[in-house]
Chemist: 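The structure follows.
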Amino acid sequence: MAAGPAPEARPLMNKQTFLHNFSHLNCPRKTYLCYEVELLVGENSIPLDEFAGFLRNQGAAMGLEHRHAEPIFLEWMASWNLDKELRYRVTCFISWSPCPDCADELAEFLRANGHVYLRIFAARIYDRFSGYEAGLRALNAAGAEVAIMTFQEFEYCWKNFVDHQQDEVESFPPWDNLVVRSEELSQRLAGILQNQED
DNA sequence: ATTTTCAAT
């Protein structure tokens, strides 16, 4: 292998931050979003490591504009200038599912960017605002795959987005009832996506 | 924390 430049050390999430924010046992007032991008070439997908990382929503500080995680992510995506002649799959792992407004913004983005396929795995369903069901359906209808994170996705994030401080990746430490809670949320989401009413 | 929702819907 030729010795290229040192790989960019992309920021990794603190272990406690991940466990606290993605757990079903908590309802933190903040949202974390991990993302990765693959280039789709024929039957293959090529991970684009320069477009992988995580972010969180902004706000809660006095005087600063509150921003949900999704508009920030949309801004980042726009800055990447992904080639419209190519096809990409963008995957997000987000600790709260998108609120109605963010779901609409994401749907609008997808309508304007047919070269981007979006998958969203949410740890929990954010149902604080009325219309959240319709928002998730709109996102789904715009072509996004919307799903609940299962053990597999939590473990994947743990391996790929979390700082283990050592070379060896510790195995993901699941919380109580992870599998059951994830399954319940998946059932609930399936009902939301199938339903035509609110 | 026996925390409960991207805080102020």
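Since the model is a prediction, treat every value here as computed from it, not as a measurement. Every chain is numbered from 1, with letters handed out A, B, ... down the list of sequences. Reckoned from all heavy atoms, side chains included, excluding hydrogens, waters and symmetry mates.
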Chemist: For Asp101(A) and for Asp127(A), find the nucleotide of DNA chain B with the closest heavy atom, then tell me which residue's nucleotide is more 5'.
Modeler: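 Result: Asp127(A).
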Chemist: Rounding to an integer number of angstrom, what distance separates dC6(B) and dT2(B) when you compare their C1' atoms?
Modeler: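 To the nearest whole Å, 24 Å.
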Chemist: Any stacking of Trp96(A) on dT5(B), going by centres under 5.5 angstrom and planes within less than 30 degrees?
Modeler: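 Stacked: centres under 5.5 Å apart, planes under 30°.
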Chemist: Given atom CG of Leu74(A) and atom C1' of dC6(B), what is their separation to the nearest angstrom?
Modeler: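 Computing the Leu74(A):CG to dC6(B):C1' distance gives 14 Å.
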Chemist: What side-chain donor-acceptor pairs closer than 3.5 Å can you find for residues 117-126 of chain A, not counting sequence neighbours?
Modeler:
{"unit_1": "Arg119(A)", "atom_1": "NE", "unit_2": "Thr91(A)", "atom_2": "OG1", "d": "3.1"}
{"unit_1": "Arg119(A)", "atom_1": "NH2", "unit_2": "Thr91(A)", "atom_2": "OG1", "d": "3.0"}
{"unit_1": "Arg124(A)", "atom_1": "NH1", "unit_2": "Asn21(A)", "atom_2": "O", "d": "2.8"}
{"unit_1": "Arg124(A)", "atom_1": "NH1", "unit_2": "Ser23(A)", "atom_2": "O", "d": "2.7"}
{"unit_1": "Arg124(A)", "atom_1": "NH1", "unit_2": "Asn26(A)", "atom_2": "O", "d": "3.4"}
{"unit_1": "Arg124(A)", "atom_1": "NH2", "unit_2": "Asn21(A)", "atom_2": "O", "d": "3.0"}
{"unit_1": "Arg124(A)", "atom_1": "NH2", "unit_2": "Ser95(A)", "atom_2": "O", "d": "3.3"}

Chemist: Rounding to an integer number of Å, can you tell me how far Lys30(A) NZ sits from dT3(B) C1'?
Modeler: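 Atom NZ in Lys30(A) sits about 11 Å away from atom C1' in dT3(B).
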Chemist: Within the side chain of Thr17(A), is there an N or O that forms a donor-acceptor pair under 3.5 Å with the backbone of Met13(A)?
Modeler: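 No; zero donor-acceptor contacts below 3.5 Å.
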Chemist: Under a 3.5 Å distance rule, please check whether His164(A) uses its side chain to pair with a backbone N or O of Trp158(A) as donor and acceptor.
Modeler: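 Confirmed, His164(A) side chain pairs with Trp158(A) backbone.
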Chemist: Using whole Å, report how far NE2 of His68(A) lies from C1' of dC6(B).
Modeler: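 These atoms are roughly 4 Å apart.
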Chemist: Using whole Å, what does the distance between atom P of nucleotide dA7(B) and atom CD of Glu65(A) come to?
Modeler: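 About 11 Å, once rounded to whole Å.
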Chemist: Without decimals, in angstroms, what is the distance between Arg124(A) CZ and dT3(B) P?
Modeler: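 Arg124(A) atom CZ is separated from dT3(B) atom P by 14 Å.
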Chemist: How many Å lie between CG on Leu106(A) and C1' on dC6(B), as a whole number?
Modeler: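 Atom-to-atom, Leu106(A) to dC6(B), this comes out as 13 Å.
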Chemist: Is any side-chain N or O of Glu70(A) under 3.5 Å from a base N or O of dC6(B), one able to act as donor and the other as acceptor?
Modeler: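 Checked by distance alone, the answer is yes.
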Chemist: Which one, dA8(B), dT4(B), dC6(B), comes nearest to the side chain of Cys27(A)?
Modeler: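 For Cys27(A), the side-chain atoms sit closest to dT4(B).
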Chemist: Please state whether the phosphate of dC6(B), meaning OP1 or OP2, lies under 4.0 angstrom from any side-chain nitrogen or oxygen of Arg56(A).
Modeler: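 No, no such contact exists.
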Chemist: Give Cys102(A) one of three labels, base, sugar-phosphate or nothing, depending on what nucleic acid heavy atoms sit under 4.0 Å from its own.
Modeler: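 Cys102(A): no heavy atom of the nucleic acid under 4.0 Å.
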Chemist: Going by atom types alone, do Thr150(A) and Glu153(A) pair a side-chain donor with an acceptor below 3.5 Å?
Modeler: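 Indeed, the side chains of Thr150(A) and Glu153(A) share at least one donor-acceptor pair under 3.5 Å.
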Chemist: Which word best sums up how the rings of Phe22(A) and Phe18(A) line up, parallel for under 30°, tilted for 30 to 60°, or perpendicular for over 60°?
Modeler: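 It falls in the parallel class, under 30°.
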Chemist: Using whole Å, report how far CZ of Arg29(A) lies from C1' of dC6(B).
Modeler: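 My rounded result for the distance is 11 Å.
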Chemist: Write down the distance between OH (Tyr126(A)) and C1' (dT5(B)), rounded to a whole number of angstrom.
Modeler: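 The distance from OH of Tyr126(A) to C1' of dT5(B) comes to 5 Å, rounded to the nearest Å.
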Chemist: Using salt bridge (charged side-chain N to carboxylate O under 4.0 Å, His left out) as the criterion, list what pairs up with Asp127(A), not counting sequence neighbours.
Modeler: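 Salt bridge (charged side-chain N to carboxylate O under 4.0 Å, His left out) check on Asp127(A) returns Arg188(A).
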Chemist: Using a heavy-atom distance cut-off of less than 4.0 Å, which residues of residues 13-26 of chain A contact DNA chain B?
Modeler: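 By residue number: His20(A), Asn26(A).
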Chemist: Which atoms form the tightest heavy-atom contact between Arg137(A) and Ile192(A), and what is the distance?
Modeler: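 Taking Arg137(A) first and Ile192(A) second, the nearest heavy atoms are NH1-O, 2.8 Å.
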